Structures are given as structure tokens and as C-alpha cells.
Amino acid sequence: MADSNSQASDSVSRKKWIIENVLSLGLALLIVFMIRSSIIEAFKIPSGSMIPTLLIGDHIFVNKFAYGFKIPFSDLVTDHPVYVVKRDPPKRGDVIVFMYPKDESFYYIKRVIGTPGDTVEVRNKVIYINNKMIARDPITDGPADALFKKMDDPKYTAANLDLYKEHLDSADHVIMTDKSNYMGENFGPVTVPAESLFVMGDNRDFSNDSRFWGFVPMKNVKGKAVVIWLSLWVSLSDSQFIFRPDRIGTLIH
């Protein structure tokens with residue numbers, strides 16, 4: 001009888017231990033998903049549209065609290081997030097992650113060029129906002145060679161590409177243009193409607209952006225890209241392994 005009672009007690013203890021640990025794990029996962037939904041989330045850069053700012057294989061953290069605090073998971077039950085605390089909306093120069101307006105199952109990352117009410121135009125690959133040219137300075141010689149070396153791709157060279165430091169409001173950043181590509185040489189003018197943004201990639205001649213598919217609704221914005229936490233690209237099909245430890249911790253401007 002004592003053995004039977006002992007076995008029953010052990011069984012109850014095991015069940016209690018399992019329940020407690022399952023509940024603890026469930027609570028921990030819930031907290032992680034709440035943080036991921038409302039505060040910070042990791043994304044991987046799969047394409048070259050933001051080169052040289054972001055390289056293929058960069059892993060970034062996106063601050064989802066940058067433009068306000070939303071009710072966790074609210075964007076899963078409605079067509080847009082529900083904010084309980086609103087902050088300043090995206091501004092020119094911010095690098096943002098958003099749901100692609102033509103297919104919201106995809107996430108894109110681009111730089112904000114125009115905000116509501118702005119008139120955006122591109123003339124000879126130079127941006128004009130409200131008929132004012134956005135200044136830029138060419139990057140040449142040593143600094144340019146260093147940037148091309150970081151890109152680690154033989155097709156990115158000074159022979160076919162130009163690098164500039166663009167001064168968009170208070171956000172200085174590097175952009176790249178192709179000397180032989182004229183498809184995006186001129187665009188607009190267009191006026192950004194309310195609750196919308198005009199975005200472009202820093203790899204100006206190889207970016208699928210607002211010049212081709214229109215504006216980003218403000219409700220599609222997921223957050224602001226803030227830092228690179230890992231830079232690693234592995235392609236088994238191409239036998240590629242690229243690890244860039246020097247990019248870890250790089251702030252995104």
C-alpha cells in the first residue's frame with residue numbers, strides 16, 4: 001500500500017512539474033512574441049536595393065516602438081496596428097521596414113524620401129523635394145575604394161558605379177548610382193498624399209520602390225531600422241559563405 005501511495009504521489013508530482021514548466025514556457029514565449037510584435041524585431045536583408053547602407057546578408061534590429069506603442073498582435077486581427085501611444089511619424093531620411101503595398105505578405109526596407117504634402121521629383125538622378133535640390137557630394141579615391149571593398153562583389157567598382165554622400169535633412173547617408181543605367185534618371189513630380197510616404201532604395205538604379213509602384217500607406221510601416229547585429233550570408237547552391245564581423249553593431253543612418 002505504501003509503494004502504491006508513493007507511486008501515486010510521484011505521478012502527481014511529475015504532472016505538476018510538467019504543467020508548471022509548460023506554463024512557464026508558454027508565458028516566456030508570449031512575452032517574446034509581445035516584444036517582437038510591439039517593441040523590436042529582427043529582419044534579414046535578402047536583396048541589394050539598400051547597398052551600400054545595407055548589404056545582402058545583414059541581419060538588423062527594427063525598432064517597432066519608434067513611431068508609437070501598439071497593442072500587441074493588433075495588426076493580426078485588424079488591417080492595421082492599433083496604437084495606444086503615438087509618437088512622431090517617419091521623417092525624411094529614416095530607413096523603415098514596411099509591408100509591400102502590392103502584396104502585404106512581403107516586407108520591404110527603403111529610405112523615406114517624401115512625407116505627406118511633399119512634392120518629389122528626380123532630375124538627372126538628383127532628388128528634388130518641393131522644388132529644392134537635395135545636395136550630395138561625390139565620394140572618390142580612398143573612401144570610395146574602401147566602400148567598394150566592403151561590398152565584396154566584383155561587379156561593384158568605381159568603373160561602373162558612382163558613390164555620393166546625400167544630405168537629406170539631417171540624415172547624411174551614402175547612395176550609389178550606375179553610370180550606364182538611365183531608367184530611373186527622371187521621375188515625377190508627384191505629391192505625397194496624406195498618411196503616406198515616398199520611399200527609395202540607396203542603390204538608386206537597382207531598387208524597386210515608390211518610383212515604380214507608388215506610395216507606402218502609413219499603416220503599413222512596421223518600424224525603423226536601427227542597428228546591424230550580424231552580417232552573414234550563406235548560399236549552398238553558390239558555395240558562398242560571407243561573414244563580415246566588422247559590421248556587427250553598425251548603426252543604420
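The figures that follow rest on heavy atoms only: side chains count, while hydrogens, waters and symmetry mates do not. Please read these numbers as outputs of a predicted model, since none were measured by experiment.
Residues Tyr164 make up the rest of the hydrophobic cluster containing Ile175, defined by ILVMFWY side-chain heavy atoms closer than 4.5 Å, directly or through other members. Ile113 belongs to a hydrophobic cluster whose remaining members, ordered by chain and number, are Val120, Val122, Ile127, Ile129, Ile134, Leu168, Phe187, Val190, Val192, Phe198, Met200, Phe215; membership requires side-chain heavy atoms of ILVMFWY residues under 4.5 Å apart, directly or through intermediates. Cluster note: Tyr128 groups with Val126, Met133 through ILVMFWY side-chain heavy atoms spaced under 4.5 Å, whether in direct contact or through intervening members.
Residue Lys165 places its NZ atom among 12 or fewer non-hydrogen atoms of other residues, nucleotides or ligands, all under 6.0 Å distant.
Judged by distance alone, the side chains of Asp178 and Asn160 never bring a donor and an acceptor atom under 3.5 Å apart.
Between Trp213 and Tyr100, the ring centre distance stays below 6.0 Å. For Tyr107 and Phe43, the ring centers sit closer than 6.0 Å to each other.
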With a cut-off of 3.5 Å and sequence neighbours excluded, list every side-chain donor-acceptor pair involving residues 139-149.
none

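Side-chain contact check for Val226 versus Leu251: every heavy-atom pair is 4.5 Å or farther apart. A heavy-atom distance below 4.5 Å is not found between the side chains of Leu55 and Ile45. Side-chain contact between Tyr67 and Pro90: present, with at least one pair of heavy atoms (C-beta onward) separated by less than 4.5 Å.
Applying the side chain to side chain contact (heavy atoms under 4.5 Å, CB included) test to Ser47 and every residue at least two apart in sequence or in another chain returns Ser49. Scored by the side chain to side chain contact (heavy atoms under 4.5 Å, CB included) test, Trp229 finds Ala42, His59, Phe61 as partners (sequence neighbours excluded).
Between the CD1 atom of Ile109 and the CG atom of Asp209 there is a distance of 13.0 Å, given to the nearest 0.5 Å. For the atom pair Phe206 CZ and Met176 CE, the distance stands at 8.0 Å (nearest 0.5 Å).
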(Q) Thr115 vs Lys91, test: side chain to side chain donor-acceptor pair (under 3.5 Å). Steps then yes/no. (A) CA-CA 7 Å; Thr115 55; Lys91 62 182 183 297; over 6 Å; no

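Of the listed residues (His173, Arg136, Arg111), just one forms a side-chain hydrogen bond (donor to acceptor under 3.5 Å, both in side chains) with Glu166, and that residue is His173.
Of the charged side-chain nitrogens involved, at least one lies within less than 4.0 Å of a carboxylate oxygen, so that Lys125 and Asp205 count as a salt-bridged pair. Salt-bridge formation is not detected for the pair Arg244/Asp246: no Lys NZ or Arg NE/NH1/NH2 atom is positioned less than 4.0 Å from an Asp or Glu carboxylate oxygen.
The closest donor-acceptor contact from the side chain of Asn203 to the backbone of Met50 lies at 3.5 Å or more, if one exists at all.
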